There are 2 protein chains.
Amino acid sequence: MARSSDPTRTRILTAASRLFYAEGIRAVSVDAVAENAGITKKTLYYHFRSKDDLVAAYLAARDQPNLVLFKRWFDEAEGALPDKVAAIFRHLAKAARHPKWRGCGFLRTTAELANLPGHPAIKIGAAHKKKFEAWLQATFAEAGIESAGELARQMLLLLDGSFAVVLLHRDASYMETAGEAARALVQAALPRRMRAAPQRSR
Amino acid sequence: MARSSDPTRTRILTAASRLFYAEGIRAVSVDAVAENAGITKKTLYYHFRSKDDLVAAYLAARDQPNLVLFKRWFDEAEGALPDKVAAIFRHLAKAARHPKWRGCGFLRTTAELANLPGHPAIKIGAAHKKKFEAWLQATFAEAGIESAGELARQMLLLLDGSFAVVLLHRDASYMETAGEAARALVQAALPRRMRAAPQRSR
DNA sequence: CGAGGTATATTCACTGGTCAGTATACATCG
DNA sequence: CGATGTATACTGACCAGTGAATATACCTCG
């Protein structure tokens with residue numbers, strides 16, 4: 001059976017990831033993925049039952065690395081809670097300025113497959129976002145924020161909103177605007193005793 | 001010359017709109033649009049130079065109606081500015097609960113065509129969102145808000161974020177969360193003298 | 001008025017190419 | 001030997017766009 005560490009499987013997944021993220025799902029043929037991975041299509045179909053399977057695997061492979069990255073940006077940021085949240089947006093804005101940036105793979109896949117509501121890739125995308133939201137909520141709750149759940153949802157809305165808007169306008173400054181809005185909302189939600197003098201950035 | 005009121009052209013555009021919104025761009029063939037419009041493919045190509053042209057026309061046709069609708073929701077809402085902004089989200093949440101709702105056509109098209117940065121449809125989508133943002137900014141400025149520009153951008157982020165998140169989770173309650181965040185941000189931005197007692201909704 | 005022409009609008013049938021997925025066979029290795 | 005993995009070559013469906021012909025409406029000039 002093909003293990004997840006299987007080198008051929010990994011090669012396929014790497015190629016699929018690069019192409020699906022860069023071009024979109026329906027724009028990329030299975031032939032193109034196989035060629036890019038340096039194998040034949042039949043070999044690809046030996047490792048993945050169908051293209052839909054491959055798409056789901058592409059997103060599944062991005063789940064953990066993405067979450068880990070976000071958490072690291074948060075953990076390594078200086079300052080109080082609002083600053084640490086804003087740091088995520090700051091790092092994202094930097095990434096969004098790279099010419100190969102194409103928004104959030106999870107959201108773009110969902111948008112493209114919106115006519116197939118039960119598609120496994122969409123479920124993986126939804127689960128990914130839920131995990132991120134749950135982590136935020138827990139972080140906020142630990143900080144003594146009463147409305148941790150609502151605040152986490154607001155952060156998610158700003159985050160995913162900035163993915164969409166920045167992709168549309170190709171203007172990463174929206175991501176910084178989102179970061180400032182996030183900072184303000186977190187600041188306002190902090191319990192009074194923990195609230196430092198609100199420092200307007202810039 | 002084919003006028004915009006041309007009945008055949010309108011039929012094509014109606015069919016294209018329905019199909020592209022429901023299924024996505026690349027998932028819908030030109031044949032499918034033609035059949036749905038009750039004409040032959042060649043007739044479609046008489047009225048539109050290419051599929052890309054048709055896609056652009058589909059979005060262009062949605063531009064004004066969408067803006068008008070949003071403005072009407074705002075104008076007809078009771079209450080002060082924060083409530084009027086929140087009303088847009090409330091109406092949108094209601095729309096999002098309809099089974100045929102598939103998010104924002106502009107954003108989904110942009111996401112799907114993200115590998116074609118100069119595509120005319122993307123330009124139309126970007127212009128549409130800019131118009132909405134400009135209208136919001138003007139409205140906020142008239143209300144005496146100093147940071148009208150930044151606030152308008154924040155509203156856009158929340159709005160487009162809720163399109164993305166609600167489409168992903170198929171849970172329209174995120175749109176109400178976005179509305180509450182929008183209300184809070186507008187409330188906080190109002191000049192003191194105009195600020196009524198902030199009323200937490202619910 | 002009316003015959004002939006011209007631009008508009010539409011149809012059927014087709015092309016060259018791509019797509020997801022498969023049948024069959026060959027190889028490698030424990 | 002036989003399980004795992006890979007390759008060549010194929011299938012039937014679909015796709016964007018086109019060629020050639022036809023119908024309709026209007027306009028010009030005898």
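No experiment lies behind these values; they were computed from the predicted model shown. Numbers restart at 1 for each chain; the letters A, B, ... are given by sequence-line order, proteins then strands.
Rounded to the nearest 0.5 Å, atoms OG1 (B/Thr14) and CZ (B/Arg9) are 11.0 Å apart.
Here B/Val28 lies in heavy-atom contact (under 4.0 Å) with sugar-phosphate atoms only.
Side-chain nitrogen and oxygen atoms of B/Thr40 include none within less than 4.0 Å of the OP1 or OP2 phosphate oxygen of C/dT10. For D/dA7, one of the phosphate oxygens OP1 or OP2 lies less than 4.0 angstrom from a side-chain nitrogen or oxygen of A/Thr43. Not one side-chain nitrogen or oxygen of B/His47 sits closer than 4.0 Å to the OP1 or OP2 atom of C/dT8. At the phosphate of C/dA9, OP1 or OP2 sits under 4.0 Å from a side-chain N or O atom of B/Tyr46. A sub-4.0 Å separation between OP1 or OP2 of D/dC15 and a side-chain N or O of B/Ser29 is present. Distances shorter than 4.0 Å separate some side-chain N or O of B/Thr8 from OP1 or OP2 on C/dT10.
To the nearest angstrom, P of D/dT6 lies 9 Å from CZ of A/Arg11. Computed from coordinates, the B/Leu44 CG to D/dT18 P distance equals 12 Å when rounded to whole Å. Rounded to whole angstrom, the span from the CZ atom of B/Arg26 across to the C1' atom of D/dC14 amounts to 16 Å. Remark: C1' of C/dT22 and NZ of A/Lys51 are 17 Å apart, rounded to the nearest angstrom. Atom P of nucleotide C/dA20 and atom CZ of A/Phe48 are separated by 15 Å, given to the nearest angstrom. Following rounding to the nearest Å, A/Glu35 (CD) and D/dT8 (P) show an atom-to-atom distance of 12 Å. Here C/dC26 presents its P atom at 21 Å from CD1 of A/Ile39, a figure rounded to the nearest Å. Rounded to an integer number of Å, the gap from CZ of B/Arg49 to P of D/dA16 is 17 Å.
Classification of A/Glu112 and A/Arg102 as a salt-bridged pair fails, no side-chain N sitting under 4.0 Å from a carboxylate O. Note on A/Glu35 versus A/Arg11: no salt bridge recorded, every NZ/NE/NH1/NH2 to OD/OE distance being 4.0 Å or above.
Taking the centre and axis of the six-membered ring of A/Tyr21, the NZ or CZ atom of A/Arg108 falls inside the cone set by 45° and 6.0 Å.
Residue B/Lys42 places a side-chain atom within donor-acceptor reach of the base of D/dG19, judged by atom type and a 3.5 Å distance cut-off alone.
Nearest nucleotide to the B/Lys41 side chain, out of D/dC15, D/dG17, D/dA7: D/dG17. The side chain of A/Tyr45 lies closest to C/dA20 when the candidates are C/dA20, D/dT4, C/dC12.
Side-chain contact, B/Ser50 with B/Asp52: no donor N or O sits under 3.5 Å from an acceptor N or O.
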